[in-house]
Amino acid sequence: MCQVINHYEIVGSFLRPEKLKQAREAFAEGKITRSELKEVEDQAISELVAKQKEVGLKYVSDGEFRRSYWHLDFFWGFQGIEHILMDQGYLFHGEETRADSARLAGKVAFNPEHPVFEEYRFVAAQADGVPVRQSIPAPAQLFVELVRGSNEEKVNAIYPDREVLLADIAQAYRETILALYDLGCRHLKLDDCTWGMLVDKNYWQSRTNDEYDTQKLQKLYLRLNNSALVDLPNDLHVTTHVCRGNYHSTWAASGGYEPVADSLLGHEAVEAFFLEFDDDRSGDFQPLRFVPETKKVVLGLVTSKNGALEEKESLIARIKEASQYVPLERLSLSPQCGFASTEEGNILSEEDQWKKLQLIIEVADEVWGTQPVTAK
């Protein structure tokens, strides 16, 4: 039996259709019920999945259409986590986000009614046999949110021993991952901006006044993420996506992957790395030398932050440059991030979004062609 390997990918989030944005606003204002909102979400997701299948994507997603944020909605689904508003949102280059956050209200624990399970059930039914890649924020991302600013006071009160907190986060994640597996999920992606923040020295100086040891944090993030991934089924394929922030076409941090490459690329227990390489802010490809021979890299060369289409020749040249460090057969091409990490979305049109994906497919076909292999 033969299958075809395609070297093009998506990160997962898509621009919310206007009717979905309007429905979410109406629900927030109490004008429609949650059931009526779900009907709009269901229709929008069904249409999105059909479009992804139409353009030939090998994995589909629900576009994160049921979420307001790529990460916070997932955190709020755990037991022991509450939704709060802080005095300040996340600071991006020239913009500040809404002020939502996730704070401890008790011990972190698995929630058998976590909304992610309904997310997966519905999109899998719409996919009708096309694999779904389910995206969730990484365990380290939850830890960072829980110790963000004044949130840390709750951590100190509930978990005076941080090791107990780390163990509870890892356990809650592992149980959630296994429950997704039981529902049929075989492709899981951990979205993780923690590493993207660590590469930016100026970010850490302004946030912590150099009070944090970033080498120590790397060890902590790596240990926490890997602890959640122990003893998983062999046919569950786990990947991770790392960027430097993505909000309304802005970014939060700058710098190449070199400072974290050994820890992240060399030792995180995932099969592939989705990495941001769309501009000079992302650094060069040299850190890819740390990627083990058994793992793959998805090159995020096509920006999701604006609608301008990249030149094919430039993309092909950059892929070949990256292949000096990771062989071509272990590389793929994708957008640098999702198109809407929050419901605001980036500043481009839905038409631009699909043109970007079509370009990625065309470049991948030109560089790699279709590569039939014998299925095991």
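Every heavy atom of this structure was used, including side-chain atoms; hydrogens, water molecules and symmetry mates were not.
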> Assess whether ring pair (Phe, Tyr, Trp, His ring centres under 6.0 Å) is satisfied between F65 and F14, documenting all intermediate values.
CA-CA 8 Å; F65 278 7; F14 285 86; 7.3 Å; no
> List for me each residue that meets side-chain contact (heavy atoms from CB on, under 4.5 Å) alongside E47, sequence neighbours excluded, and say none if there are none.
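For E47, the residues satisfying side-chain contact (heavy atoms from CB on, under 4.5 Å) (neighbours in sequence not counted) are K19, Q43.
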> Is the backbone of T250 close enough, under 3.5 Å, to the side chain of K305 for a donor and an acceptor to pair up by distance?
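Checked: pair present.
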> Return the set of residues passing side-chain hydrogen bond (donor to acceptor under 3.5 Å, both in side chains) with E96 (not counting sequence neighbours), or none when no residue passes.
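Expected list: none.
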> Check whether NZ of the Lys or CZ of the Arg R162 lies under 6.0 Å from the centre of the six-membered ring of F143 and within 45 degrees of that ring's axis.
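Output no; distance or angle outside limits.
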> Please name the residue in the list R67, K21, R24, R16 that meets the salt bridge (charged side-chain N to carboxylate O under 4.0 Å, His left out) test with E343.
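Exactly one pass, corresponding to R24.
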> Below 30° counts as parallel, above 60° as perpendicular, anything between as tilted: where do the rings of F277 and Y257 land?
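Ring orientation of F277 relative to Y257: perpendicular.
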> Please lay out, stage by stage, how Y69 and Y247 fare under the test ring pair (Phe, Tyr, Trp, His ring centres under 6.0 Å).
CA-CA 10 Å; Y69 296 86; Y247 172 77; 8.2 Å; no
> Find the distance between NZ (K296) and OG1 (T239) and round it off to the nearest 0.5 Å.
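Here the interatomic distance stands at 11.0 Å.
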> Distance to the ring centre below 6.0 angstrom and angle to the axis at most 45 degrees; does that hold for K107 and Y159?
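Because its charged atom sits under 6.0 Å from the ring centre and within 45° of the axis, K107 does stack over Y159.
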> Could you tell me how the ring of Y221 sits relative to the ring of W195: parallel (under 30°), tilted (30 to 60°) or perpendicular (over 60°)?
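Rings of Y221 and W195: perpendicular, over 60°.
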> Please report the interatomic distance CD1(I136) to OH(Y173), rounded to the nearest 0.5 Å.
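The CD1 atom of I136 sits 5.5 Å away from the OH atom of Y173.
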> Can you tell me how the ring of H83 sits relative to the ring of W76, calling it parallel under 30°, perpendicular over 60° and tilted otherwise?
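Plane angle under 30°, so parallel.
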> Partners of F27 by side-chain contact (heavy atoms from CB on, under 4.5 Å), sequence neighbours excluded?
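With neighbours one apart ignored, the set is I32, R34, L37.
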> By side-chain contact (heavy atoms from CB on, under 4.5 Å), which residues pair with D352, not counting sequence neighbours?
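Per chain and number, D352 pairs via side-chain contact (heavy atoms from CB on, under 4.5 Å) with L348, S349.
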> Can you name the side-chain contact (heavy atoms from CB on, under 4.5 Å) partners of I316, sequence neighbours left out?
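If we apply the side-chain contact (heavy atoms from CB on, under 4.5 Å) test to I316, skipping adjacent residues, the hits are K320, V363, E366, V367.
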> Of all residues at least two apart in sequence or in a different chain, which pass the side-chain hydrogen bond (donor to acceptor under 3.5 Å, both in side chains) check with K31?
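Per chain and number, K31 pairs via side-chain hydrogen bond (donor to acceptor under 3.5 Å, both in side chains) with E29.
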> Checking Q336 side chain against S304 main chain: does a donor-acceptor pair fall under 3.5 Å?
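Yes: the side chain of Q336 pairs with the backbone of S304.
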> For the side chain of H267 and the backbone of D262, is there at least one donor-acceptor N/O pair under 3.5 Å apart?
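Pair found, side chain donor or acceptor close to backbone of D262.
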> Would the distance check show the side chain of N111 and the main-chain N or O of Q79 forming a donor-acceptor pair, the cut-off being under 3.5 Å?
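Not at all, since once roles are kept as given, no pair shorter than 3.5 Å links the two residues.
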